[in-house]
Enquirer: 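Okay, handing you the structure first.
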Amino acid sequence: MSSTTPPPHIDQPTEPASTLSSGGTDQHGARAHSDGGWDTKVPVQTRSERFRSGDVDAFPTVTGREVNWKFAPLAKIQPLLDGPLDGSAYPFLATQSAGADVEWGRSDDPRVGGAGLPEDRAAAAAWSARDAVLAITVSGTDEYESITVTRSDFGTQPRAAHTVITAEPHAQGIVVIDNRGTALLSENVEVVVRDGARLTVVTVQDWDDDAVHVSTHFAEVGRDAFLKHVVVSLGGDVIRVNPSTHLGAQGGDVEMYGVYFADAGQYIEQQVYVDHDAPNTRSRVNYKGALQGQGAHTVWIGDVLIGRSAPGTDSYEQNRNLVLTDGTRADSIPNLEIETGDITGAGHASATGRFDDEQLFYLQARGIPEEEARRLVVLGFLVEVIQKIGAPELEERLIAAVEQELLEGRTVLAAPATEAAAAGVDA
């Protein structure tokens, strides 16, 4: 556990916004409208061309009309957008093997920015506010190293955090960031997987019911390297985790998994992005979620870009949502952009629906009560992703957490009927 606070942060880097050539209008004698400035704007659907900067002041105030903010409950997130944020070091508990290390670094740590720059105001606010960097390094090559960082003491004041995870060349290991307790937190997580390395990164959002957590993950995957990235979101009031991966070296491989369970009034959002930018790269994206209770809302937006410089790409993304009760909402938007015809394969899929009646009938016909049958269907749906983690103890804990979510959901749904019966009213 560490409580040392490094010196204040330094000036933040800025990546200039991309601009469209004016030749497209000038050659036809046309001019952009004076009130629009469309000659310098990039279409919002082109994810790779979004403006990036580590300076919060470079981003305009968020209104909720932006394509990447239109679903979010801004009233709850607002303190993390406009600050001020406390970016100092915080207490944590770490367990690690010999080939993995965790330490506090200064805000000007040279590893910062190695995986990307913020694309929105929330990430830039956390980036600008950092006064410390939690540096996690996996260097062992002989065994599959492991490190677990448990964080539970953020408190209720607006906080910022910055984590850099590095897998050295040919290293192999798993890093788990386990989030608990209450928090009002905005953070950036950078993941750098160097040539030939194999790394699994798991983040678990098992916050208290009042927590608000906004997080942006950036990953850079090296030549013939492999990254497995897993996002598990169960507890909290508002959870927004947006991971992006840049496959910028030949043979880079990424698998991105997500599992989430939204209860009544809970908001969970994931915006996933994979940028194929080198030959013979591979990606698989698979996110699954369940929703129950009035006002439960999930958002999944998946963007995959196969660039001109990425022949031989093999890519597929999908999102599945299981609706358990009325009154829920699941927004699922897969996007695929292909700039080269020389690919191995590419596809995307999205589906949202209720229980499969045939599955329930099959189980009930074999003597399994309806409630137990429903539990088994939900577990079977979500466990497929949980078992991709590769850490048996953590997998068992998450399966138990999903079962508890189902139990609590049944209790909440049964409460109105119980109260009505006690009052002598037909439910």
Side-chain angles (χ1 to χ4, degrees), residues 176 178 180 200 202-207 209 228 230-236 239 255-268 270 284-300 316-332 349-418 427:
V176 178
D178 192 355
R180 308 182 188 184
T200 297
V202 184
T203 63
V204 180
Q205 285 60 243
D206 197 13
W207 300 104
D209 291 342
K228 182 189 295 182
V230 185
V231 178
V232 181
S233 297
L234 300 174
I239 306 297
E255 294 179 0
M256 304 179 75
Y257 299 102
V259 60
Y260 48 96
F261 198 118
D263 283 320
Q266 189 177 18
Y267 178 85
I268 298 177
Q270 295 110 159
R284 291 293 184 271
V285 178
N286 187 9
Y287 273 62
K288 285 190 170 185
L291 302 86
Q292 70 177 4
Q294 188 68 35
H297 186 187
T298 64
V299 175
W300 181 87
Y316 191 82
E317 64 168 346
Q318 68 173 348
N319 176 228
R320 299 283 188 267
N321 296 290
L322 184 59
V323 175
L324 306 181
T325 66
D326 293 336
T328 65
R329 173 178 173 180
D331 291 287
S332 181
S350 170
T352 299
R354 59 187 296 276
F355 275 107
D356 187 333
D357 290 333
E358 291 186 1
Q359 288 182 326
L360 290 178
F361 176 79
Y362 177 87
L363 294 173
Q364 288 180 266
R366 280 150 182 78
I368 299 175
E370 181 180 358
E371 286 298 322
E372 178 66 10
R374 288 179 178 273
R375 185 186 71 86
L376 291 174
V377 171
V378 175
L379 285 177
F381 178 74
L382 297 179
V383 164
E384 177 195 359
V385 176
I386 293 176
Q387 290 179 335
K388 297 290 187 180
I389 294 174
E393 292 184 3
L394 178 58
E395 291 173 3
E396 290 178 7
R397 174 193 152 197
L398 295 177
I399 291 172
V402 170
E403 290 184 313
Q404 184 63 29
E405 292 277 2
L406 290 169
L407 176 63
E408 292 176 355
R410 288 200 299 270
T411 302
V412 170
L413 292 173
T418 303

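Hydrogens, waters and symmetry mates are skipped; everything else that's a heavy atom, side chains included, is used. This is a predicted model, so every value here is computed, not measured.
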Enquirer: What I want to check is whether the side chains of E255 and Y257 have a donor and an acceptor closer together than 3.5 Å.
Expert: yes
Enquirer: How many angstroms lie between atom CD of Q266 and atom CD of E405, to the nearest 0.5 angstrom?
Expert: 6.5 Å
Enquirer: Hey, are the side chains of Y267 and V299 touching, using non-hydrogen atoms and a 4.5 Å cut-off?
Expert: yes
Enquirer: Residues in side chain to side chain contact (heavy atoms under 4.5 Å, CB included) with A373, at least two apart?
Expert: L360, L363, Q364, I368
Enquirer: Can you tell me how far apart OG1 (T298) and OH (Y260) are? Round to the nearest 0.5 Å.
Expert: 4.5 Å
Enquirer: Is a salt bridge present between K288 and E384, judged by a nitrogen-to-oxygen distance below 4.0 Å?
Expert: yes
Enquirer: How long is the span from the CD atom in E403 to the CG atom in L376, to the nearest 0.5 Å?
Expert: 9.0 Å
Enquirer: Could you walk me through whether V402 and I386 pass the side-chain contact (heavy atoms from CB on, under 4.5 Å) test, one step at a time?
Expert: CA-CA 10 Å; V402 170; I386 293 176; 4.2 Å; yes
Enquirer: Look at E371 together with R375 and state whether they make a salt bridge at an N to O cut-off of under 4.0 Å.
Expert: no
Enquirer: Are V378 and F261 side-chain neighbours, meaning at least one heavy-atom pair lies under 4.5 Å?
Expert: yes
Enquirer: Only one of V230, V232, V176 forms a side-chain contact (heavy atoms from CB on, under 4.5 Å) with L394, so which one is it?
Expert: V176
Enquirer: When you measure from the side chain of T325 to the backbone of G293, do you find a donor-acceptor pair of N or O atoms at a distance under 3.5 Å?
Expert: yes
Enquirer: Mind checking what makes side chain to side chain contact (heavy atoms under 4.5 Å, CB included) contact with D209, not counting sequence neighbours?
Expert: none
Enquirer: Within the distance-only criterion (no hydrogens, no angle test), does the side chain of R397 pair as donor or acceptor with the backbone N or O of E393 below 3.5 angstrom?
Expert: no
Enquirer: How many angstroms lie between atom CG of D331 and atom OG1 of T352, to the nearest 0.5 angstrom?
Expert: 8.5 Å
Enquirer: To the nearest 0.5 Å, tell me how far D178 CG sits from Q205 CD.
Expert: 9.0 Å
Enquirer: Between N319 (side chain only) and Y287 (backbone N and O only), is there a donor and an acceptor less than 3.5 Å apart?
Expert: yes
Enquirer: Working to the nearest 0.5 Å, report the span between CG of L322 and CG of L291.
Expert: 8.5 Å
Enquirer: Are L324 and L406 side-chain neighbours, meaning at least one heavy-atom pair lies under 4.5 Å?
Expert: yes
Enquirer: Say whether, by atom type as modelled, one donor and one acceptor occur between the side chain of K388 and the main chain of K228 under 3.5 angstrom.
Expert: no
